[in-house]
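Structure first, commentary second.
All residue numbers refer to positions in the sequence shown, counting from 1.
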Amino acid sequence: MDFQLTDDQRVLRAATRELLAGRFDRDRLRASVDDPALDRALWQELGAAGFFALRLPEEAGGVGLGLPEAVLVFEEAGRALLPGPLVACQLLAGVVDGVATGEKIAGLCDGAGEPWLWEHPAECDELIVADGGGQGRTGGAYRSAPDQVTCAPMASVDPLTPLARVTDLPRGEPLPLDVPRLRREAALLTAAQQLGSAARTVEMAVGHAREREQFGVPVGSFQAVKHLCAQMLVRAEIARSAVYAAAVTESVLDVTGAKLLADEAAVRNARDCLQVHGGMGFTWEADVHLHLKRAWLRAECWGVASEAEELLAAALVD
């Protein structure tokens, strides 16, 4: 089995990076910190580029690609810290009309545990609840009208991701979705975002270590800084191997391991990137803290570390 990217996959990744660099650069990122409302024009442009319809068949108006290609696209989204319910809209593109083209924004609420968190509640035109459906459990998916959902305020660690805690909602139209598969794919796409962030913080740390000087030499020449950067790269590449492999196998255990490794890489790399930047890394003007806050948030979505560790340990015993 060849795990090297094909030429088409490399072109897809490069095109996605170019699109996001042109439409969501650092200035737009910083502006979103102060105003996290989603840019509908950008959302529709992502839809026109096939971001959400990537895995829909061509006869249904999609691009006709697979999960490995979706992982590459979401890796780039994570690298750019692109905000919004991207995972939800990718998974619901063939379920909710208008989501594939970016005309509508759909939210996806994980109802397998507590609390039920809803990202960007003010922006969503539809809310889909995946009720239950965790590992080894069955569940259903339901459509709910956003204006009928009762929510409580929920402080978000990520200034780019407003949250609400769902306290009550009417279960509307049931949807013919494979909920365990939905949760598995949501975990993998979230892991891809974490991978992108982990890789980006490696670049940020190495770039700063080359430019910042102390005692007349770049700080990157100091052994302690070299070790930090090397460990960051190792974490990111291990996570990359796991995420890419899980996109091919789609195994529950492979996806679980990939999410666990990607979460660890994103969080620990962001912390080490802060260390490499020194005192300025903790300032509001630097972007490092945004990667750390997003990594913390994503680590709590679609499977947390404790659940993953228990599942993987049980599989080893069996």
Side-chain angles (χ1 to χ4, degrees), residues 3 55 66-79 81-82 84-92 108-117 119 130 132-137 139 157-158 161 163 178-202 232 234-271 291-316:
F3 284 102
R55 293 193 295 145
L67 197 54
E69 288 76 21
V71 160
L72 295 176
V73 169
F74 273 76
E75 181 183 348
E76 291 303 316
R79 184 181 183 275
L81 287 181
L82 183 66
L86 302 167
V87 171
C89 288
Q90 229 276 338
L91 296 176
L92 300 173
L108 181 61
C109 186
D110 182 9
E114 294 288 343
W116 291 16
L117 297 182
E119 296 183 8
Q135 291 96 353
R137 300 191 300 272
V157 69
D158 178 14
T161 309
L163 293 175
D178 182 344
V179 173
R181 179 176 180 178
L182 181 77
R183 288 173 53 81
R184 187 168 65 248
E185 293 182 350
L188 182 59
L189 295 179
T190 302
Q193 291 177 300
Q194 294 281 61
L195 169 60
S197 178
R200 176 59 184 147
T201 49
V202 174
M232 291 172 67
V234 168
R235 285 190 211 107
E237 290 305 310
I238 290 175
R240 186 187 308 279
S241 297
V243 171
Y244 285 9
V248 175
T249 66
E250 299 187 42
S251 158
V252 172
L253 292 178
D254 289 345
V255 171
T256 301
K259 176 68 163 52
L260 182 65
L261 289 169
D263 286 342
E264 179 186 24
V267 172
R268 294 187 63 183
N269 278 15
R271 286 175 171 168
H291 280 274
L292 180 57
K293 292 169 181 175
R294 181 68 60 84
W296 277 335
L297 179 67
R298 293 287 175 248
E300 298 299 317
C301 298
W302 303 109
V304 298
S306 58
E307 294 175 353
E309 290 165 352
E310 289 294 334
L311 181 64
L312 294 170
L316 289 174

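Applying the side chain to side chain contact (heavy atoms under 4.5 Å, CB included) test to Ala245 and every residue at least two apart in sequence or in another chain returns Phe3. For Arg268, the salt bridge (Lys or Arg N to Asp or Glu O under 4.0 Å) partners are Glu264, not counting sequence neighbours. Take Glu310 and apply the salt bridge (Lys or Arg N to Asp or Glu O under 4.0 Å) test, not counting sequence neighbours, and it matches no residue. Partners of Arg200 by salt bridge (Lys or Arg N to Asp or Glu O under 4.0 Å), not counting sequence neighbours, listed by chain and number: Glu203. With sequence neighbours excluded, no residue satisfies side chain to side chain contact (heavy atoms under 4.5 Å, CB included) with Ala314. With sequence neighbours left out, Leu312 forms a side chain to side chain contact (heavy atoms under 4.5 Å, CB included) with Leu253, Thr256, Leu260. By the side chain to side chain contact (heavy atoms under 4.5 Å, CB included) test, Val304 pairs with Glu300, Ser306, Glu307, sequence neighbours left out. Among residues two or more places apart in sequence or in another chain, the side chain to side chain donor-acceptor pair (under 3.5 Å) test is passed with Ser197 by His291. A search for salt bridge (Lys or Arg N to Asp or Glu O under 4.0 Å) contacts involving Glu185 returns Arg55, Arg181, not counting sequence neighbours.
In terms of heavy atoms, Ala198 sits closest to Asn269 at O-ND2, 3.2 Å. In terms of heavy atoms, Cys109 sits closest to Trp116 at SG-CB, 3.6 Å. Heavy atoms only, all atoms of each residue included: Leu81 and Arg294 are closest at O-NH2, 3.3 Å. Residues Ala262 and Ala239 come closest through the heavy atom pair CA-CB, 3.9 Å. Contact record, Ala247 with Leu188: CA-CD2, 3.6 Å, taken as the closest heavy-atom pair. Closest of all the heavy-atom pairs between Leu189 and Gln90 is CD1-OE1, 4.0 Å.
We find that Glu119 and Arg298 are joined by a salt bridge, their nearest charged nitrogen and carboxylate oxygen being less than 4.0 Å apart.
For the atom pair Asp178 CG and Arg183 CZ, the distance stands at 12.0 Å (nearest 0.5 Å). Separating the CD1 atom in Ile238 from the CG atom in Leu195 is a distance of 12.0 Å, to the nearest 0.5 Å. Atom CG of Leu92 and atom CG of Leu182 lie 6.5 Å apart (nearest 0.5 Å). Distance CG/Leu261 to CZ/Arg240: 13.5 Å, rounded to 0.5 Å.
A distance-only check finds no donor-acceptor pair linking the side chain of Glu76 to the backbone of Gly196 [under 3.5 Å]. Of the possible donor and acceptor atoms, none in the side chain of Arg79 sits under 3.5 Å from a partner among the backbone N and O of Ala199.
Listed by first and then second residue, the salt bridge (charged side-chain N to carboxylate O under 4.0 Å, His left out) pairs involving residues 251-260 are Lys259-Asp263 (not counting sequence neighbours).
Between Val71 and Tyr244, some side-chain heavy-atom pair lies under the 4.5 Å cut-off. When side chains are defined from C-beta on, Trp302 counts as touching Leu108, because their heavy atoms get closer than 4.5 Å.
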